[in-house]
Structures are given as C-alpha cells and as structure tokens.
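What follows is one structure encoded as structure tokens, with my remarks underneath.
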Amino acid sequence: MSDKTAITPTRAQDFPEWYQQVIKAADMAENSETRGCMVIKPWGYGIWELIQQQLDRKFKATGHQNAYFPLLIPLSYLEKEAEHAEGFATECAVVTHHRLELVKDPVTGKSKMIPTGELAEPYVIRPTSETIIGAAFSRWVQSYRDLPLLINQWANVMRWEMRPRLFLRTAEFLWQEGHTAHETQDEAITETRLMHGVYEEFLKNHLAIPVIPGEKTENERFPGAEMTLTVESMVQDRKAIQAGTSHYLGQNFSEAQDISFTGRDGSKQFVHTTSWGVSTRLIGTLIMAHADDDGLVLPPRVATQQIVIIPVTPKEDTRQAVLDACQALAETLRREKNYHGDPLRVHVDTRDLQGGVKKWDWVKKGVPIRIEIGPRDIETRKVCVQRRDKGSNEKEFMEKEEFLQQAVDILQEIHNSLLERATAFRDANIIPCASLETFHAHWAQDNPGWLITPWSGTPGQEDELSKQHKITIRCLPLDKQAEPAEPCILTGAPTPSRAIWGRSY
RNA sequence: CGGGGUGUGGCGCAGUCUGGUAGCGCGCUUCGUUCGGGACGAAGAGGCCGCAGGUUCGAAUCCUGUCACCCCGACCA
C-alpha cells in the first residue's frame, strides 16, 4: 500500500510522462480537438483565477490599470518593428476571410462551409500586443504630461508552436501583458526592474517557487527589446523554465510607430516603452516544481481548495450528525479565518463514494490540508488532519478548537516547507564551474543541473556552445554581475560577470 | 518543413499479415456483500472500426485518395 504511488510512471522513471499523468489525475486540463490548444478544466482554471486575482492586486498597487485591445492585429502593424516581426513571423495564425458560404456537394448532397469574402488586409491573431497597443499609445500621447502610461491587459494570445505541451507550450495561452510608456530611459528601466521584482516576489511568496532573477543575453532577448529581465526557475528534472519576463524596449517601438510627444523643452521626443508578462505556463512550472509521485502539490495561496473535509460515515445512524459537523466546521473556517487577506477556501466532499477513493482523489489534486471527521471524532471533539507536504498516510489527531486556531498557520507552514524544499533542490543543482573541460563533460549527464561560470564571450561564441550541448544561457544573474574578476570559461579574459547555463523548457 | 508512427464503444488497447460481418481491460449504470477507506461479486448499457472511393458474394482487415493526431529535429511565454 504505502509503496504504491498514485501516479504512474514516477518522476524518476519518465518525467515528461509523469507530468502529463499528474495533470490528468488532478483533472486540471486536457488536449482539445483544436490542434495545440488545451481545455483548462475547473481545477486548473481555479488556480489561474487565483494567480490573476493576486497578481492583479500587485499591478494595481504599483499604479497600473487594466484595458483591453483587439485580438486581431492588422498585418502591417507587425511589420513595423523589423526584429519583432522576424521574431514572431514563423508562428502566426492569420485571418484572411470574414464569411462562410454553405455549399452543397452536387453528388453526395452534403453541405460544406467554404471561406469567402477575402480581406483586403489580413489580420494576425495576436502573438503579443506590442504593436497594437503601441498604435493606441501613439494616439494617446501628445505631451509629457500624458506620461507615464501604465497599462496591463489580461488576454489570450496565439503562437503556432510546433511542439505543444499542456500549460508549458500551447498554441493558445492565457497571460497578462503589461505595456508602459515613459518620458525617460531611466524611468522606463526603473519600471522594467519594478515589475521584474513583482514577479520574483509573486513566484516566491505565492507559488513557493524560488527564482533566479537575471538578465537575458542579447541572443535570448525578446525580439525588439533592449534589455530582457527574467525570473528563471528550476524544476525537478533540473531543467529551467522562464517563468516571467520584463522588457525594456527602448525607443524601438516608439520610433517605429511614432509614439511621440512634445517634451518639457518643446521638442519632439519618442517615449521609452516596456512590456512584461506571465502566462498559464506558471501552472506548468508549479506542477513541475512541487508535484510528487502521488500527484499535484498545491501551494496554499493558489490552491483552488485549501482544506477539504471528508466525512467518514460508517454507520447510517450517525451519518447525518457527521455531515452536520463537517459543514459546521467548514462554515466556521470560511467565516472566521483568512489567509493573506482571503477567506479560507474549504470544501466538504459529500460525494457518495468510498472514503479511500475520496482521500486519494484529493491527494492527487494536491489539496494542502485534508480533514477527516467520523462518529468517534465527534465524541472526542477531535479532527484527523493530513497535510499534502507530508506522507500520504501520515495523520495527526487534533482537538477541533486547536485546529481552528492553527489552520492558517498550518497553511503557511506548508507554503514554507514547499519553498524550502524547492530552494534546497535548486541550490544543490547550481554548480560553479571554472574549467571548460568540466563544462563540456557536465552536459553528457542525464538531467544535468545548471552551471554558473565566469563569462565574457560573444553572442556567436555563446550560440556555438549552446547548440553543441542543447543548452542556453538562462540568465546573467543580477546579484552575480560584480563578482571578483575570474577568467572567462571560454576566452580566459578576466571578467566580473557570471552566466548560468542549463537545459530549458 | 524533413524522418517515423497511429487512427476500432468515455479512456487504453487487441484483431489487419492469412477478408466472413467486433473483442479485452479500465470507466459507467443497477443490485448485493464490504468499508475509518483507493475492496469484491453478479447483471447491464455503450461502437455503422477517421473520412471518401474502389476490389469482392462479403471489407476493421486488400487497393487508391484524403483528413486528423502523436513521436524525433529547427522555433518558443
């Protein structure tokens, strides 16, 4: 029993397959009939809603406002910024017609819908909205007094990816994209760093995922950006996932789209823009960072349900009393307790199923706390408490009053233990490397960890090493850019700069 | 876009080579036993075998075409 895992295969046996099975077992999402697109089911979408709510508060608190822009972007807009256009050209879905005609096949008699009404100018389904928001900005900005513009959009975007994977890389995905325009470079860079910091804090304190904040090299930058900041997370197969990015776009887009204003000195100037985003990929990252061989493990702040109460009803005559006690406890928790400002999310599982089935169902769904209440517990005024961050068969009996007192603290303990575990794993797998020989040997291993090296190579040299080992520079970690000078791993030239290398999703 | 593979009840598959009119496991429904636990037994529902042609007395099975999806490369939040 105890040696049986709820998920087959295990992480060690086949990590990619394990990932798919976790999603299925937790009933989070499934592949749809539409190529590369997923159906996000309530348990998965609930996580996204919580991510949205909590991030949105942070955006508002930093002065941003939400707005909404069209899904369809005139093709000509995308052509305006050359690098940007090239970066997204190979993955755009294009709308070319605006009506359908019902045509009957004269032989079979069957009807078919044929696209007609070709558009004069095709539209691209937004892969990102820099260009269409830039067009709006150019109308909105006249004077330095109109700046800064601090806008965020919650939206879906489409990138026709060749190899889709639930949550990590789907053709359509949900995200937020912040777009801001500023009078000066300093101000725009401050904004870029501010939102980078918001992401870092969110990942750590809400998703219990430790990240390395850093800057992307020129090779890895967003198409059209001057500077790309990233938060890189390590998941359990030691691969890297870029969990969020924040870009300083300089005046590239403002010059291309004429987002200009009359400055304080009366001269025409171009704004400095930024963009920043996180997507449903966060959910994939969360799964790969925390889930185990028994399924999903949810950090409490984004758990669709935080506490699930399972009534134990062995005898018909005590059944109603047990159900009443469960509902009463749930009500009290919802009414009297809150966690980081939100009422507790508590669910009573009254389904007519065997207890064991229910228990494992919620284990696989990753609910942080499971409570069981049966007739004996009512008599002793106790509850059986089980935590998802502990063994699946560990249980602790607590006085009901004591549990009420401690529920919120237990949630926070679970958050802390997930974060600690993930941090320890990451730190153990970021390996300093000073010799090229060691560097080359490292990538022959299965699931290699990250290497951190002194680096002052050129983009060309970086590209060569990357292709050779199927790795990339994940980032130049911000806190390691002024280390004592050491010889660059490739060129030998002394450099204060450090690079982190790894395989990525 | 190159290279490989698969399309059969809700899901996973067998049957295709050697044509004869559809089967297994899981799931689902009902009844019963069990149950502080992912249990068991019995009965039952559910498929024009991706689609379109063709060969044949007869096609899931052979032939032609077509569509879709999956895996391995280049691209990526």
>> Whether A/Glu30 and A/Lys41 form a salt bridge (side-chain N of Lys/Arg under 4.0 Å from carboxylate O of Asp/Glu) is what I want to check.
In response: yes
> Between A/Trp175 and B/rA77, do the rings stack, that is, sit under 5.5 Å apart with planes less than 30° off each other?
Replying inline: no
> If you look at every strand shown and take non-hydrogen atoms under 4.0 Å, does A/Leu168 touch a base, only sugar-phosphate, or nothing?
Replying inline: base
> What does A/Lys395 touch in the nucleic acid at a heavy-atom separation under 4.0 angstrom: a base, only the sugar-phosphate, or nothing?
Replying inline: base
> When the C1' atoms of B/rA77 and B/rC69 are considered, how many whole Å apart are they?
Replying inline: 24 Å
>> Tell me which nucleotide, if any, is Watson-Crick or G-U wobble paired with B/rC69 when both distances must be under 3.5 Å.
In response: B/rG5
> Which part of the nucleic acid, if any, lies within reach of A/Arg376 when heavy atoms closer than 4.0 Å are counted: base, sugar-phosphate only, or nothing?
Replying inline: base
> Taking atom P of B/rA77 as reference, at what distance in whole Å does atom CZ of A/Phe88 sit?
Replying inline: 7 Å
>> In whole Å, I'd like the distance from the CD atom of A/Glu161 to the P atom of B/rA74.
In response: 14 Å
> From the list B/rA77, B/rG36, B/rG73, which nucleotide is the closest neighbour of the side chain of A/Lys470?
Replying inline: B/rG73
> Counting side-chain heavy atoms from C-beta on, which of B/rG37, B/rA77, B/rG38 comes nearest to A/Glu372?
Replying inline: B/rG37
>> Quick check on RNA chain B: between A/Thr245 and A/Pro311, whose nearest nucleotide comes earlier from the 5' end?
In response: A/Pro311
> For A/Trp18 and A/Asp292, which heavy atoms make the closest approach, and how far apart are they?
Replying inline: NE1-O, 3.1 Å
> In whole angstroms, how far is the C1' atom of B/rA77 from the CG atom of A/Leu166?
Replying inline: 15 Å
> Base, sugar-phosphate, or nothing for A/Lys364, non-hydrogen atoms under 4.0 angstrom?
Replying inline: base
>> Please give the distance between the C1' atoms of B/rG4 and B/rG10 as a whole number of Å.
In response: 29 Å
>> Testing the 3.5 Å rule here: is there a donor-acceptor pair between the side chains of A/Thr128 and A/Arg126?
In response: no
>> Can you identify which nucleotide, out of B/rC76, B/rG36, B/rG38, has its nearest atom closest to the A/Arg281 side chain?
In response: B/rC76
>> Any carboxylate oxygen within less than 4.0 angstrom of a Lys/Arg side-chain nitrogen, looking at A/Lys365 and A/Asp361?
In response: no
>> Counting only heavy atoms not in A/Glu464 (residues, nucleotides, ligands), do more than 12 fall under 6.0 Å from its CD?
In response: no
> Between B/rC75 atom P and A/Glu86 atom CD, what is the distance in whole Å?
Replying inline: 13 Å
> Which nucleotide, in any strand shown, forms a Watson-Crick or G-U wobble pair with B/rC75, with both distances under 3.5 Å?
Replying inline: none
> Using the benzene-type ring in the case of Trp, are the ring centres of A/His84 and A/Phe222 under 6.0 Å apart?
Replying inline: yes
> Of the candidate nucleotides B/rG38, B/rC75, B/rG36, which contains the atom at the shortest distance from the side chain of A/Asp377?
Replying inline: B/rG36
> Does the ring of A/Phe397 carry A/Lys395 above it, NZ/CZ under 6.0 angstrom from centre and within 45° of its axis?
Replying inline: no
>> Is there, by distance only and without an angle test, a donor paired with an acceptor across the side chain of A/Arg159 and the base of B/rC76 below 3.5 Å?
In response: no
>> Counting only side-chain heavy atoms from C-beta out, which of B/rG36, B/rC75, B/rA77 sits nearest to A/Thr90?
In response: B/rC75
> Taking atom C1' in both B/rC62 and B/rC49, what distance in whole Å separates the two?
Replying inline: 16 Å
> According to the Watson-Crick and G-U wobble definitions, with both distances under 3.5 Å, which nucleotide is paired to B/rU29?
Replying inline: B/rA43
> If we take the P atom in both B/rG54 and B/rG46, what is their distance in whole Å?
Replying inline: 32 Å
> Given that A/Phe167 and A/Leu353 both sit by RNA chain B, which one's nearest nucleotide is further toward the 5' end?
Replying inline: A/Leu353
> So what does A/Asn31 hit on the nucleic acid, given a heavy-atom distance under 4.0 Å: a base, only sugar-phosphate, or nothing?
Replying inline: nothing
> To the nearest Å, how far apart are A/Lys216 NZ and B/rC76 P?
Replying inline: 11 Å
> Taking the same atom, P, in B/rU6 and in B/rU16, what whole-Å distance lies between them?
Replying inline: 14 Å
>> From NE2 of A/His247 over to C1' of B/rA77, roughly how many Å is that when rounded to an integer?
In response: 8 Å
> When you measure from the side chain of A/Gln354, which nucleotide among B/rG73, B/rA39, B/rG38 comes out closest?
Replying inline: B/rA39
> What does A/Thr170 touch in the nucleic acid at a heavy-atom separation under 4.0 angstrom: a base, only the sugar-phosphate, or nothing?
Replying inline: base
> If the P atom of B/rG20 is compared with that of B/rG32, how far apart are they to the nearest Å?
Replying inline: 44 Å
> Hey, does A/Gly277 reach any base, or is it just sugar-phosphate, or nothing, if we go heavy atoms under 4.0 Å?
Replying inline: nothing
> Is it the case that A/Asp294 and A/Ser392 place a side-chain donor and acceptor less than 3.5 Å from each other?
Replying inline: yes
> Counting any heavy atom closer than 4.0 Å, what does A/Val312 reach on the DNA or RNA strands: base, sugar-phosphate only, or nothing?
Replying inline: base
>> Suppose you measure atom P in B/rG50 against the same atom in B/rA59; what distance do you get, rounded to whole Å?
In response: 15 Å
> Atom NZ of A/Lys315 to atom P of B/rU34: distance rounded to whole Å?
Replying inline: 13 Å
> In whole angstroms, how far is the P atom of B/rC69 from the CD atom of A/Glu30?
Replying inline: 16 Å
> Taking atom C1' in both B/rU56 and B/rU61, what distance in whole Å separates the two?
Replying inline: 13 Å
